[in-house]
Colleague: 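Could you have a look at this structure, given as structure tokens, before my questions?
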Protein chains: 2
Amino acid sequence: MTRKADRDQIRRQNRSIVLQALRRNGPTARIDLGHKTRLSPATVTAITSDLLDQDLILSLESEEPKTQQARGRPRTLLKLNPEAVYTVCIRLSVNNIDLALVNYAGEVIRDRRIHFDSATADARTFPETLVEAIASFLQEAGTSPSRVREIGVAAQGVVETETGLVAWSPAFSGRRIPIVAPLQAAFGADCYISNDTNMITEALHWSDPKRYSGTFAVVMLDYGVGMGLYLDNHLFSGASGTAAEFGHANHIPGGALCRCGKRGCIEAYLSDYALVRAAAGLPDDTDPMTIEAGEKGLARLIELASCGDADARRTFSEAGRVLGYGIARVVAIIDPSRLVLTGAAVRAFSFMEKAMWEGLEEALVADLRKNFALDVMPWNEDYIRGGLIAQSMERLDSTFYGNAAARPDRKEAPA
Amino acid sequence: MTRKADRDQIRRQNRSIVLQALRRNGPTARIDLGHKTRLSPATVTAITSDLLDQDLILSLESEEPKTQQARGRPRTLLKLNPEAVYTVCIRLSVNNIDLALVNYAGEVIRDRRIHFDSATADARTFPETLVEAIASFLQEAGTSPSRVREIGVAAQGVVETETGLVAWSPAFSGRRIPIVAPLQAAFGADCYISNDTNMITEALHWSDPKRYSGTFAVVMLDYGVGMGLYLDNHLFSGASGTAAEFGHANHIPGGALCRCGKRGCIEAYLSDYALVRAAAGLPDDTDPMTIEAGEKGLARLIELASCGDADARRTFSEAGRVLGYGIARVVAIIDPSRLVLTGAAVRAFSFMEKAMWEGLEEALVADLRKNFALDVMPWNEDYIRGGLIAQSMERLDSTFYGNAAARPDRKEAPA
DNA sequence: AACTTTTTTTCGGGAGCCAAAAAAAATATC
DNA sequence: GATATTTTTTTTGGCTCCCGAAAAAAAGTT
């Protein structure tokens, strides 16, 4: 049963909409906020004066507006108060912790990369390491931890959003590492953790909501294979928060050996180590950990293919066919309107494309595969940070209302 | 951006909640409606008096309430007015059109099965046939078509909910047959079409919302293989409405021949004809259309297995392994909290179970497969009708508000 | 200085919710 | 039979929304 509606909900929602409009459009006059949000001028005045009282937004009088308008009362622009609250956005990769301090306007005011050698470090102490890293980062920045109201983390591997831990990651040699609980305990802020590809998905929706709305999927071919799902206009993370593990969906029973220990995973055909292993003619059960792949391995392979090396070309072509089959299964189950292909390996897309389409056609009946568009998108790591920022800001915007806590939770309605 | 909130929305939502509470609990006093909906008594009075004015609900004074309560003003029970509106729920199977006339209380007041021989009939004229069948059904029932405000259709095969047509079905030899548009034109009611397994999914949520909420999947093993997805508390049907086509997700590249013409679909290993084909030792590219399977074929196979026939046992065991792999892929991508297995073939589940778990274990890393529960559920066709009724009633409840049309559309927010 | 134009604020009204009081309609008690 | 008690329902009054319209503010134009 749907939850009952009451007045508070209206105001909360409308405040949140005004904040979103300001974040998306930068300094804006009340009258334009009215147009953008479809609220009446009177209501915009009421809401913005609340927000001004709370120092969440600022009035931009002194600065010269000098828009095109000539006559009439000049519009006073409003903007988010950058210093109202701060967010820390963190990206965990195999060897790095990337920290960013972000203000309420969504601007990165300081960032820092900390090396973390996952091969030698003890995964069990990682949470403490992370807490210390954040604390010293904030101290350097001269920002009191109490002003940080939101901490977002993106990690590679299998992330359990619901429990707030990394369930399986190459960085932690497969150990389950709690992240959200230690951060929450240390800083008291609202914390969350998500898969890195989910954050790319969120970033796409933020940067081009026209194109990336409704139901779409993102497949990331990188050092590992990830997926993000945006379903019915919401980021989807499944019941325990581990959905969209495209890379560990099986392709061939008993097939090539994957880093996760199983055989036949899509990742075992498409990721960096899989490509290097195949191109080198190694048996497909060669332990992935013994393969030197990563950025260098992949780059060399792409170069070889570009030079016309037959083995490299064949490797990419076979990978493309696997990709086609994988996409076919996702399309059959999810029916997205668009599928975005990204990650370091899309540089080699031209070598995979033909086989990919062939695989897709072999795998899926025409009626099901004609309704989706494919985007191939080179990318950079900033997308992950962008998604974290978008997600954090959305959580913040819907939090502020008096002292009322409780962000409405889409997951479960109370009995 | 979220839509702005206003007062109308509140009232609409609360009215809808009251109607839902009445539908779920039967005759209920205002005071209990207050408890169930968490609305104040004053508000319940206001809303119910509106609903009484509109004849959507009835007051049950004369009849003896005689509840356990002894003293105090007696509660007057309210109930939905069964005659307020009518719904027609239609199930299309290969050879039958099952019609049901349902009143606003969700009770079936008349039903009828019409034979439709899809082998000889012309699929192109099916829409007219359907319209005529409904019209004569209503006439027999003595119900004016104008009182029918909702028509819901469930069909087997690939159903495009968004365009309102059957894209591929064994009943129509693969032709695309429009359903919603002709019905809408003929009757003016709000019409929709959905996949039959989606309706089972909806029925499960309706009948046991505690157990079947959040994110869960339903797999139907029948004369064909279907799936329904309930994600984040909403029935999910994908961008074009063809999601959850589990049966046509590929299992083995270049594998067994499927009814859809492709090779290696899960259906080509798990459906009635696939089992009969395998048990008979026929080559796996034997044309499914030439195989006598259906209810009888499946029943005989189950009997053989029960008697200890080795070939039959092996057939089911192999099918179970495929099922395990298929479930593993769904779990990797969707991460449901529960997976329901149903359909005619679950009678043979005991012969498939061991291999299914083995397949699941082979295919998926442990971290991803330990978060879901499996239900095996015998079923009957009434579930589909139940889901249609639940869906139709939900659509009706959120429709009535003054003359305002516009059921809020979860799919797309306006710019 | 008076008019025009545009934005913002104020004011009054309507709609929704709720808490509390009042009314209604029984049974229990004397 | 009259009064008290209990429980449900309705009414009242108050609060908070939002909105339309009017008023005010703050320019530029004539």
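To find a chain, count down the sequence lines: A is the first, B the second, and so on, and within it residues start at 1.
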Colleague: So, the side chain of A:Asn233 versus the backbone of A:Gly214: is there a donor-acceptor pair under 3.5 Å, distance only?
Modeller: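 Judged by distance alone, yes, a pair lies under 3.5 Å.
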Colleague: Specify the separation, in whole Å, of atom NE2 of A:His35 and atom P of C:dT6.
Modeller: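 Checked: the NE2 to P distance equals 12 Å.
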Colleague: Honestly, is A:Arg147 close enough over A:Tyr104, meaning NZ or CZ under 6.0 Å from the six-membered ring centre and within 45° of the axis?
Modeller: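 The answer is no; the distance or angle limit is not met.
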Colleague: Using 0.5 Å steps for rounding, measure from the CG atom of B:Leu22 to the CG atom of B:Leu51.
Modeller: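 Taking CG in B:Leu22 and CG in B:Leu51, the distance rounds to 8.0 Å.
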Colleague: Separation of A:Ile17 atom CD1 from D:dC17 atom C1', in whole Å?
Modeller: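 In whole Å, D:dC17 C1' lies 14 Å from A:Ile17 CD1.
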Colleague: Assign B:Ser49 to base, sugar-phosphate, or nothing according to its heavy-atom contacts below 4.0 angstrom with the strands shown.
Modeller: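 B:Ser49: no heavy atom of the nucleic acid under 4.0 Å.
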Colleague: For the residue pair A:Arg23 and A:Trp206, would you count it as a cation-pi contact if the rule is NZ or CZ under 6.0 angstrom from the ring centre and within 45 degrees of the ring axis?
Modeller: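 No cation-pi geometry.
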Colleague: Step by step, would you call B:Arg149 with B:Asp190 a salt bridge (charged side-chain N to carboxylate O under 4.0 Å, His left out)?
Modeller: CA-CA 6 Å; B:Arg149 293 274 291 266; B:Asp190 180 43; over 6 Å; no
Colleague: Using whole Å, report how far CZ of A:Arg30 lies from C1' of D:dA26.
Modeller: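 A:Arg30 atom CZ is separated from D:dA26 atom C1' by 14 Å.
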Colleague: Between C:dT8 atom C1' and A:Ile31 atom CD1, what is the distance in whole Å?
Modeller: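 Rounding to the nearest Å, CD1 of A:Ile31 and C1' of C:dT8 are 8 Å apart.
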Colleague: Could you tell me how far apart A:Leu33 (CG) and C:dT9 (P) are, to the nearest whole angstrom?
Modeller: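 Nearest whole value for this atom pair: 12 Å.
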Colleague: How long is the line joining CG of A:Asp32 and P of C:dT6, in whole Å?
Modeller: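 That distance rounds to 13 Å.
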Colleague: What integer distance in Å separates A:Asp50:CG from D:dT16:P?
Modeller: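 Rounded to the whole Å, the gap is 12 Å.
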Colleague: How close or far is atom P of D:dC19 from atom CD of B:Gln9, stated in whole angstroms?
Modeller: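 Computing the B:Gln9:CD to D:dC19:P distance gives 11 Å.
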Colleague: Please evaluate residues A:Asp397 and A:Arg15 with respect to the criterion salt bridge (charged side-chain N to carboxylate O under 4.0 Å, His left out), reporting the C-alpha separation (whole Å), side-chain torsions for both, the decisive distance (0.1 Å), and the verdict.
Modeller: CA-CA 8 Å; A:Asp397 283 349; A:Arg15 281 170 61 103; over 6 Å; no
Colleague: Would you say A:Tyr212 and A:His205 are linked by a side-chain donor-acceptor pair, where the criterion is simply a distance under 3.5 Å?
Modeller: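 The criterion, which ignores hydrogens and geometry beyond distance, is not satisfied for A:Tyr212 and A:His205.
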Colleague: So, does A:Thr45 get its side chain near the phosphate of C:dT8, meaning an N or O under 4.0 Å from OP1 or OP2?
Modeller: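 False: A:Thr45 side-chain N/O out of range (4.0 Å or more) of C:dT8 OP1/OP2.
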Colleague: Taking atom types as modelled and ignoring hydrogens, do the side chains of B:Tyr192 and B:Ser392 form a donor-acceptor contact shorter than 3.5 angstrom?
Modeller: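 Yes.
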Colleague: Within the 4.0 Å limit for protein heavy atoms, which parts of nucleotides 16-25 of chain C are touched? Write it as a string from 5' to 3', B for base, S for sugar-phosphate only, - for none.
Modeller: BBBB----BB
Colleague: How large an angle, rounded to 10°, do the end axes of the helix from C:dA1-D:dT30 to C:dC30-D:dG1 enclose when each is built from five base pairs?
Modeller: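 Roughly 40° between the end axes, to the nearest 10°.
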Colleague: Looking only at the side chains, is there a donor atom on one of A:Gln20 and A:Ser16 sitting less than 3.5 Å from an acceptor on the other?
Modeller: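 Per modelled atom types, A:Gln20 and A:Ser16 side chains form a pair under 3.5 Å.
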Colleague: Report yes if at least one side-chain N or O of A:Arg12 is closer than 4.0 Å to OP1 or OP2 of D:dC17; otherwise report no.
Modeller: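 False: A:Arg12 side-chain N/O out of range (4.0 Å or more) of D:dC17 OP1/OP2.
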